[in-house]
Amino acid sequence: MLEAFSDRDLIPLTRVELDITEPARVRDAIAELSPSAIINCAAFNDVDGAEDEVQAAFAVNAFGVRSLAFAAERTGATLFHFSTDFVFDGCTSKPYRESDRPSPKSIYAESKLLGEWFALSAPRAFVLRVESLFGCSRDWSRRRGTLDSLVARMEAGETVPVFTDRVVSPSRLSDVATATRHLLDTDAESGLYHCVNAGRATWREVAEEVARQLDLTPRLTPITVDQVTLRAERPVFCALDNAKLTEAGFEMPSWSDAVTQWLAAR
Ligand SMILES: NC(=O)c1ccc[n+]([C@@H]2O[C@H](COP(=O)([O-])OP(=O)(O)OC[C@H]3O[C@@H](n4cnc5c(N)ncnc54)[C@H](OP(=O)(O)O)[C@@H]3O)[C@@H](O)[C@H]2O)c1
């Protein structure tokens, strides 16, 4: 995110510097900074933990966003907020469009959906649904996310379990940041956008493509979603259609091209 805005006066704030669950602090901080845009990357992202920590999940993912939306309204700032494919139930075989009806299946997903609605109550707001973020850090030792750890484990020669039925549209972080910048700089219509790399694949297909690009012979153990018991239910089919973002003038690269660029940039 920082690179896409390197020519702008960007003020990154940590949780210690601005806890978004404290409405008065959010109000005062935004009033004092008077930014032209607020980019909310804060989230309660422990999908399974949210089932037990309902209040904490809603405090960050929903009511924290409401405070930011109020602050954006008061100061005239454009609000950017990130949401998730998990707002859908995954009971489809066609990539979801923004107009498709959400049907969250977990506390995390419910809290994120409410956060979307609060964000969109600001006069100028963009909610970007992302999924399976990868390439999260230029510092390779801080790799995170399913795809990042998949690459690390394959390169270490480990046997990696991969879902053969979960369908995803991975999102490279730098592409999401560039799309965010595009929406800020243009007169794009505010609203909800699916901001994922183009295309879709099962995790096994992703793993096989990454192995091909790295010229590795992968050791993959195929598994299906119903073989794994997790505290929170996740959608099986999570692919998102990003045509609306393309219509707004920003074309996300295909996920395999995004992987190529990311691997080359390491
Ligand atoms: N990662 C994915 O694959 C994925 C998929 C779908 C959607 N998303 C969405 O994309 C966005 C970014 O996700 P991410 O994976 O980059 O997130 P992340 O790495 O988990 O970072 C979340 C950040 O939020 C901060 N935070 C938590 N509570 C806060 C609070 N009360 N006030 C201020 N900051 C707080 C955390 O600070 P601490 O480090 O101090 O805890 C952390 O820096 C989120 O909206 C997420 O829901 C991500």
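Just so you know, ligand 1 is whichever comes first in the structure, and atom 1 is the first atom listed for that ligand. The model shown is predicted, which means the values in this text are computed figures rather than measured ones. Residues take their numbers from the sequence shown, with the count starting at 1.
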Enquirer: Applying the 4.5 Å side-chain criterion to the ILVMFWY set and letting contacts propagate, would Met252 and Leu173 be lumped into a single cluster?
Expert: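 Same cluster.
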Enquirer: Quick test: of every protein heavy atom, which one is nearest to atom 19 (O) of ligand 1, and how far off is it to 0.1 Å?
Expert: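 Protein heavy atom at minimum distance: Arg144 NH1, 3.1 Å.
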Enquirer: So, are Arg172 and Asp257 salt-bridged, with charged N and O less than 4.0 Å apart?
Expert: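 Salt bridge: no.
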Enquirer: Is any side-chain heavy atom of Val206 closer than 4.5 Å to a side-chain heavy atom of Trp255?
Expert: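 Yes - at least one pair of side-chain heavy atoms lies under 4.5 Å apart.
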Enquirer: Closer than 4.0 angstrom, basic N to acidic O: yes or no for Arg181 and Asp7?
Expert: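 Looking at Arg181 and Asp7, the cut-off is met.
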Enquirer: What protein heavy atom is closest to atom 32 (N) of ligand 1, reported as residue, atom name and distance in Å?
Expert: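 Looking only at protein heavy atoms, the one closest to atom 32 (N) of ligand 1 is Ile20 N, 3.0 Å.
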Enquirer: Is Lys112 touching ligand 1 with its side chain, its backbone, both, or neither, if touching means heavy atoms under 4.0 Å apart?
Expert: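 Only the side chain of Lys112 comes within reach of ligand 1.
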Enquirer: Can Glu98 and Arg129 be counted as an ion pair, charged N to O under 4.0 angstrom?
Expert: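 No, no charged N to carboxylate O under 4.0 Å.
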Enquirer: Looking only at distances, can you tell me whether any N or O atom of Ala43, backbone or side chain, sits closer than 3.5 Å to an N or O atom of ligand 1?
Expert: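 Checking ligand 1 against Ala43, an N or O pair does fall under 3.5 Å apart.
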Enquirer: Side chains of Phe80 and Leu184, heavy atoms from C-beta outward: is any pair under 4.5 Å?
Expert: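 Yes - at least one pair of side-chain heavy atoms lies under 4.5 Å apart.
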Enquirer: In the structure I gave you, are the side-chain heavy atoms of Asn242 and Glu251 within less than 4.5 Å of one another anywhere?
Expert: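 They are not in contact (no side-chain heavy atoms under 4.5 Å apart), so the answer is no.
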Enquirer: Distance to 0.1 Å, residue and atom name: give those for the protein heavy atom nearest to atom 7 (C) of ligand 1.
Expert: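 For atom 7 (C) of ligand 1, the nearest protein heavy atom comes out as Ser83 O, 3.3 Å.
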Enquirer: Out of all atoms in ligand 1, which are within 4.0 Å of some heavy atom of Ser132? Include the element for each.
Expert: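 In order of numbering, the contacting atoms are 3 (O), 5 (C).
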Enquirer: Any protein heavy atom at under 4.0 Å, with atom 39 (O) of ligand 1 as the reference point?
Expert: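 Answer no: nothing from the protein, no heavy atom, is under 4.0 Å.
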Enquirer: Could you tell me, atom by atom, which parts of ligand 1 come under 4.0 Å of a heavy atom of Cys41?
Expert: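 Those qualifying, in numeric order: 12 (C), 22 (C), 23 (C), 24 (O).
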Enquirer: Measuring from atom 11 (C) of ligand 1, which candidate in Phe44, Phe82, Phe63 has the nearest non-hydrogen atom?
Expert: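 Considering heavy atoms of Phe44, Phe82, Phe63, the nearest to atom 11 (C) of ligand 1 sits in Phe82.
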Enquirer: If you measure from each non-hydrogen atom of Ser171 to ligand 1, which part falls under 4.0 Å: side chain, backbone, both or neither?
Expert: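 Answer for Ser171: neither.
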Enquirer: Regarding atom 4 (C) of ligand 1: of the candidates Thr21, Asp85, Leu133, which has the closest heavy atom?
Expert: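 Looking at heavy atoms only, Leu133 sits closest to atom 4 (C) of ligand 1.
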Enquirer: Okay, side chain of Gln213, backbone of Ser256: is any donor-acceptor separation there less than 3.5 Å?
Expert: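 Between the backbone of Ser256 and the side chain of Gln213 there is a qualifying donor-acceptor contact (under 3.5 Å).
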Enquirer: Before we go on, tell me: are the rings of Phe58 and Phe44 under 6.0 Å apart, centre to centre?
Expert: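 Ring-ring flag for Phe58/Phe44: false, centres at least 6.0 Å apart.
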Enquirer: Does atom 43 (O) of ligand 1 have any protein heavy atom closer than 4.0 Å?
Expert: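 Under the 4.0 Å cut-off, atom 43 (O) of ligand 1 has no protein heavy-atom neighbours at all.
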Enquirer: Which bit of Asn61 gets closer than 4.0 Å to ligand 1, counting heavy atoms only: side chain, backbone, both or neither?
Expert: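 It is neither part, as no heavy atom is under 4.0 Å.
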Enquirer: Are Val47 and Val225 in one and the same hydrophobic cluster, where Ile, Leu, Val, Met, Phe, Trp and Tyr link if side-chain heavy atoms are under 4.5 Å apart?
Expert: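 Per the 4.5 Å side-chain linkage, Val47 and Val225 are not co-clustered.
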Enquirer: Using a 6.0 Å cut-off, check whether atom CD of Glu22 has over 12 heavy atoms from anything other than its own residue.
Expert: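 More than 12 within 6.0 Å, yes.
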Enquirer: To which of Leu173, Val130, Thr14 does the heavy atom nearest atom 9 (C) of ligand 1 belong?
Expert: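 Closest candidate by heavy-atom distance is Val130.
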Enquirer: Please list, in number order, the atoms of ligand 1 under 4.0 Å from a heavy atom of Thr84.
Expert: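 Here the atoms of ligand 1 in question are 6 (C), 7 (C).
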Enquirer: Could you check whether atom 27 (C) of ligand 1 has a protein contact, counting only heavy atoms that fall below 4.0 angstrom?
Expert: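 There is a protein heavy atom less than 4.0 Å from atom 27 (C) of ligand 1.
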Enquirer: Which heavy atom of the protein is the closest neighbour of atom 41 (O) of ligand 1, given with residue, atom name and distance?
Expert: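 Answer for atom 41 (O) of ligand 1: Arg15 NH2, 2.6 Å.
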Enquirer: Indicate the ring-plane relationship of Phe86 and Tyr108, choosing parallel, tilted or perpendicular according to the 30° and 60° boundaries.
Expert: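 Correct class here is perpendicular.
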Enquirer: List ligand 1 atoms under 4.0 Å from Asp19, heavy atoms only on the residue side.
Expert: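 It comes down to these atoms of ligand 1: 30 (C), 31 (N), 32 (N).
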Enquirer: Quick check on contacts: which atoms of ligand 1 are under 4.0 angstrom from a heavy atom of Leu18?
Expert: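 Close to Leu18: 32 (N), 33 (C).
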Enquirer: Under 4.0 Å, counting heavy atoms only: does Gly145 come that close to any atom of ligand 1?
Expert: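 No, that is not the case, since the closest heavy atom of the residue is not under 4.0 Å from the ligand.
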Enquirer: Using heavy atoms and a threshold below 4.0 Å, how should the contact between Ala59 and ligand 1 be classified: side chain, backbone, both, or neither?
Expert: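 For Ala59, no heavy atom sits under 4.0 Å from ligand 1.
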Enquirer: Tell me whether Asn197 contacts the main-chain N or O of Pro253 through its side chain, where contact means a donor paired with an acceptor under 3.5 Å.
Expert: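 Confirmed, Asn197 side chain pairs with Pro253 backbone.
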Enquirer: Is a salt bridge present between Lys105 and Glu233, judged by a nitrogen-to-oxygen distance below 4.0 Å?
Expert: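 Looking at Glu233 together with Lys105, the answer is no, because their closest N to O distance does not fall below 4.0 Å.
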Enquirer: How far is atom 34 (N) of ligand 1 from the closest protein heavy atom, and which atom is that?
Expert: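 Checked against all protein heavy atoms, atom 34 (N) of ligand 1 sits closest to Ala42 CB, 3.3 Å.
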Enquirer: Could you work out, for atom 15 (O) of ligand 1, the closest of Asn45, Val65, Leu147 by heavy-atom distance?
Expert: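 Going through Asn45, Val65, Leu147 one by one, Asn45 has the nearest heavy atom to atom 15 (O) of ligand 1.
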Enquirer: Applying a heavy-atom cut-off of 4.0 Å, say which part of Tyr108 lies close to ligand 1: side chain, backbone, both or neither.
Expert: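 The answer is the side chain of Tyr108.
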